[in-house]
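A note on names: the letters A, B, ... follow the listed sequences, proteins ahead of strands, and every chain is numbered from 1.
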2 protein chains.
Amino acid sequence: MKSETRKDEIINTAAKLFKDKGYSAVTMRDLATAMGIKAASLYNHINSKQDILKEIIIDIAEAFTNGMSIIIASEVSNISKLKQVVALHVNITASNTNGMASLNNDWMHLEDQLDYYLKLRNEYENNFLKIIEEGISTAEIKQTNAEVIMFSMLSTLRSLYLWIPKKEDLNADDLANNLSEVLIEGINV
Amino acid sequence: MKSETRKDEIINTAAKLFKDKGYSAVTMRDLATAMGIKAASLYNHINSKQDILKEIIIDIAEAFTNGMSIIIASEVSNISKLKQVVALHVNITASNTNGMASLNNDWMHLEDQLDYYLKLRNEYENNFLKIIEEGISTAEIKQTNAEVIMFSMLSTLRSLYLWIPKKEDLNADDLANNLSEVLIEGINV
DNA sequence: ACATTTAACTAACACTTGTTAGTTTGGTGA
DNA sequence: TCACCAAACTAACAAGTGTTAGTTAAATGT
């Protein structure tokens, strides 16, 4: 149970500010004020503004990649896999709503790590699509455009960061079940 | 068929740039370069950077408000109303993808018009929710959490701006029908 | 008691930001 | 031909940007 380092505090505070105004509109002086220190002092803990963004986004992106590879490998129905994907999004988002805002809205401001991020995202979406396509071919899922289904599900799941903080009495399992019902049982045969 | 004014060209070019990098990350010099002129020349046509954002967003927001009030007033089933809402989003988004990006991602950078925008958005969401709740009470829609349904639908519809440009051979009616099927027939009893 | 570490500070830098003022250019209607 | 006008230009501004250098003060480990 290692306690939060000063660097972590800065990154978490930054994520909160980035959520409200976006990466570009938050200055190092804004961040310093929110921390109660001067801008120059931030550099005792972090290398650059860019580096903060990288740390916020890449950690989460890798969590999605890892979660997806476990789901892909599991020997269950494709509908079950989709439910696991929903739960994966709910859990990651619930544990880091602010960071999810940056991942969704500020990924294009990654510089060195942009290609890596896009690679992870593409692989994730390909795996997601493959689950749906297999579900269609095994008649678990209605014969509809697989891309439309993925687009619809992913849009909802990517917006969770806006919605979860409003439900202060959140039960992650309940939400995941509720969402799965709305998102999946509709496509169920 | 009034032709596009220079001001319109600037606003449309700005919307394109805002879509890629966000309002805050686009400078007046970026915009000028994209127009092939110098930054100071922009001010012969527009009042301020802020004003460009306002013109992009408020126009679209009012189009949604107007569309919704027509739907609300129509004497059809609630399911039909939801289908009309889907079509409304598809049509507005297809006719102004770039502007929709600003509306979704940069509304918080509105200054004078922020309150007005939020008022329109709240009214819109209240009307949306009311359709769903009435659909549930008349047993047109499954007995589920109305907010979860709205959240899911609205998330998908708000993400259309990312998706529509990728389908170059887009037929708006087909997409609206496809989406309605995925989004609505799932909730249908 | 002393060396080390952590985390803050002040001061300054080179550059970028949105915007204004005043001027020039090329075309259009009288 | 001449006045007009839209639309570009150059030059400059004050404020704000991320970041570096060098210093100080308090806590910690030996």
Peer 1: Can the ring centres of A:H89 and A:Y124 be said to be less than 6.0 Å apart?
Peer 2: yes
Peer 1: Return the value, rounded to whole Å, for the distance between atom CG of A:D51 and atom C1' of D:dG18.
Peer 2: 13 Å
Peer 1: Give me the one residue out of A:K130, A:K119, A:R158 that meets salt bridge (charged side-chain N to carboxylate O under 4.0 Å, His left out) with A:E125.
Peer 2: A:R158
Peer 1: Out of B:K21, B:K16, B:K49, which residue meets the salt bridge (charged side-chain N to carboxylate O under 4.0 Å, His left out) rule with B:D30?
Peer 2: B:K21
Peer 1: Could you tell me the separation between the NZ atom of A:K38 and the P atom of D:dT24, rounded to a whole number of Å?
Peer 2: 17 Å
Peer 1: Specify the residue among A:I37 and A:R29 whose closest nucleotide of DNA chain C lies further upstream toward the 5′ end.
Peer 2: A:I37
Peer 1: Measuring to OP1 and OP2 of C:dT19, would you say a side-chain N or O of B:K49 lies under 4.0 angstrom away?
Peer 2: no
Peer 1: Working note: B:D8 + B:T5, criterion side-chain hydrogen bond (donor to acceptor under 3.5 Å, both in side chains); need CA distance, chi angles, decisive distance, verdict.
Peer 2: CA-CA 5 Å; B:D8 292 336; B:T5 68; 3.2 Å; yes
Peer 1: Touch check for A:S41, heavy atoms < 4.0 angstrom, all strands: base, sugar-phosphate only, or nothing?
Peer 2: base
Peer 1: Please give, in whole Å, the distance from C:dT6 C1' to A:Y43 OH?
Peer 2: 19 Å
Peer 1: Donor-acceptor pair under 3.5 Å: do we get one between A:N44's side chain and the base of C:dA8?
Peer 2: yes
Peer 1: Can you measure A:I52 atom CD1 to D:dT19 atom C1' for me and round it to whole angstrom units?
Peer 2: 12 Å
Peer 1: How close or far is atom C1' of C:dT20 from atom CE of B:M28, stated in whole angstroms?
Peer 2: 13 Å
Peer 1: If you compare every side-chain N and O of B:H45 against the phosphate oxygens of D:dA7 (OP1, OP2), does one of them come in below 4.0 Å?
Peer 2: yes
Peer 1: Is it the case that the side chain of B:S152 and the backbone of B:V148 share a donor-acceptor pair, with hydrogens and angles ignored and the cut-off at 3.5 Å?
Peer 2: no
Peer 1: Taking atom C1' of D:dA8 as reference, at what distance in whole Å does atom CD1 of B:I10 sit?
Peer 2: 11 Å
Peer 1: From the list C:dT17, D:dT19, D:dG18, which nucleotide is the closest neighbour of the side chain of A:T27?
Peer 2: D:dG18
Peer 1: With each end axis built from five pairs of C1' atoms, what bend angle do you get for the helix from C:dA1-D:dT30 to C:dA30-D:dT1? Round to 10°.
Peer 2: 10°
Peer 1: Check the distance between D:dG18's C1' and A:L17's CG and give it to me in whole angstrom.
Peer 2: 16 Å
Peer 1: Nearest whole Å is fine: how far is C:dT16 P from B:D30 CG?
Peer 2: 11 Å
Peer 1: Looking at B:Y116, is B:K54 sitting on its ring face, NZ or CZ under 6.0 Å from the six-membered ring centre and within 45 degrees of the normal?
Peer 2: no
Peer 1: Name the residue from A:L160, A:N104, A:L88, A:I60 that meets the side chain to side chain contact (heavy atoms under 4.5 Å, CB included) definition with A:T93.
Peer 2: A:L160
